[in-house]
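These numbers come from the heavy atoms of this one structure, side chains and all, not from hydrogens, waters or symmetry mates. Given the structure is predicted, the values throughout are model-derived calculations rather than measurements.
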Amino acid sequence: MSSTEPWVGTWRPHKPRGPIAALYGNPGPKYPLPGLLGASKHDPTKYKAPMFSFGTRHNHSNSDCSPGPRYLIPSNITRAGQGGTPAFSLHSRTKEPGSFQGPGPCKYSPEHSGKLIFRTAPAFSLSGRIKERSSGQMPGPSSYTLPPVLGSKTVMTPAAPSYSLCGRSKSGSFHEDLKKTPGPAAYKVVDPCIYQKKPPQYSMKGRNFVPGENTQKPGPGAHSPERVILTRPKAPSFTFGLRHSQYISPLIVHVTD
C-alpha cells in the first residue's frame, strides 16, 4: 500500500476520555510579569535607566503683592529720567600720558633663541664682588664652638657627677661670733663597724636561779604503777548496779479497797 504521507507509526491521536483543565482554562493575566517602565514595580532583574521628573507648577502670584509705598523715590526722578540742574564734581588732575616707549631692534637677541629649541650644556656665570658689603661681617673660625665634653652640661658624651667648691661666707658665720661654733658634743662619733670589719657580738642574759625545796612535788605514794594498763593487757572487770536506798517507798502493785 503506497501513500504520499510519511509513515509515523501505529499510534494516532485520540479523543480524551474525560475533560482536561489545561484544554478549557488558563491563568490569564492573573500572574503578570513586572513592568520595565517607571520607577514603581520595576523588574529587579532588568537594568533601570536614569529618570528625571518635572517639578510641579507653582501657583500664579497675586497681582496685588506690590511692596506699596515702602520705597522712597527721589523728587528729581521723572518718567524721562533724572531731572534738575546740572551738577559737577571736582577731581584731581590726571597725569598726562607719556609717549609709548616700544623696544627697539637692539632689545632682541635672536642668537639666544637656540637654547629654547636645542639642548644646551649647563652654563655658570661669575658675578663681581659687591663692594658695599664689608668683609668684617663674615663669621670667623672662633665663632663656631663644639659642644662641651666636660662638666654636667654635655650633649654627646655621658657626664660624670660634678661637684663645685664655694668660698666660705663671712656674713653670719662663726667668724663674727665664736659662741656659734659647735662644741665637742655636737659631733657624733662614727661607728667603726661602718668602715671596718664588724667583730662578733655577744649579749648577756639574766641569771636563772635553781628552784628550792619549797616547790610542791608529788611523793612516792602519789603514783600507782599497778593501775597502768597502757603497756600490758587488762583483765575483764565487772560492775554491779546501783544500791537502792532503804528510804525509797516500795512499789505498790495490788491495791485493796
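- The 12-atom threshold is not exceeded at OH of Tyr187, counting heavy atoms of other residues, nucleotides or ligands nearer than 6.0 Å.
- Atom CD of Glu96 has 12 or fewer neighbouring heavy atoms from other residues, nucleotides or ligands inside a 6.0 Å radius.
- By the side-chain contact (heavy atoms from CB on, under 4.5 Å) test, Ile194 is found to be paired with Val190, Asp191, residues two or more places apart in sequence or in another chain being considered.
- In terms of heavy atoms, Gly219 sits closest to His223 at O-CD2, 3.3 Å.
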Distance-only donor-acceptor hits, side chain of residues 32-44, under 3.5 Å, sequence neighbours excluded:
from: His42; atom 1: NE2; to: Leu36; atom 2: O; distance (Å): 3.4
from: Asp43; atom 1: OD1; to: Thr45; atom 2: N; distance (Å): 3.3
from: Asp43; atom 1: OD1; to: Thr45; atom 2: OG1; distance (Å): 2.9
from: Asp43; atom 1: OD2; to: Thr45; atom 2: OG1; distance (Å): 3.0

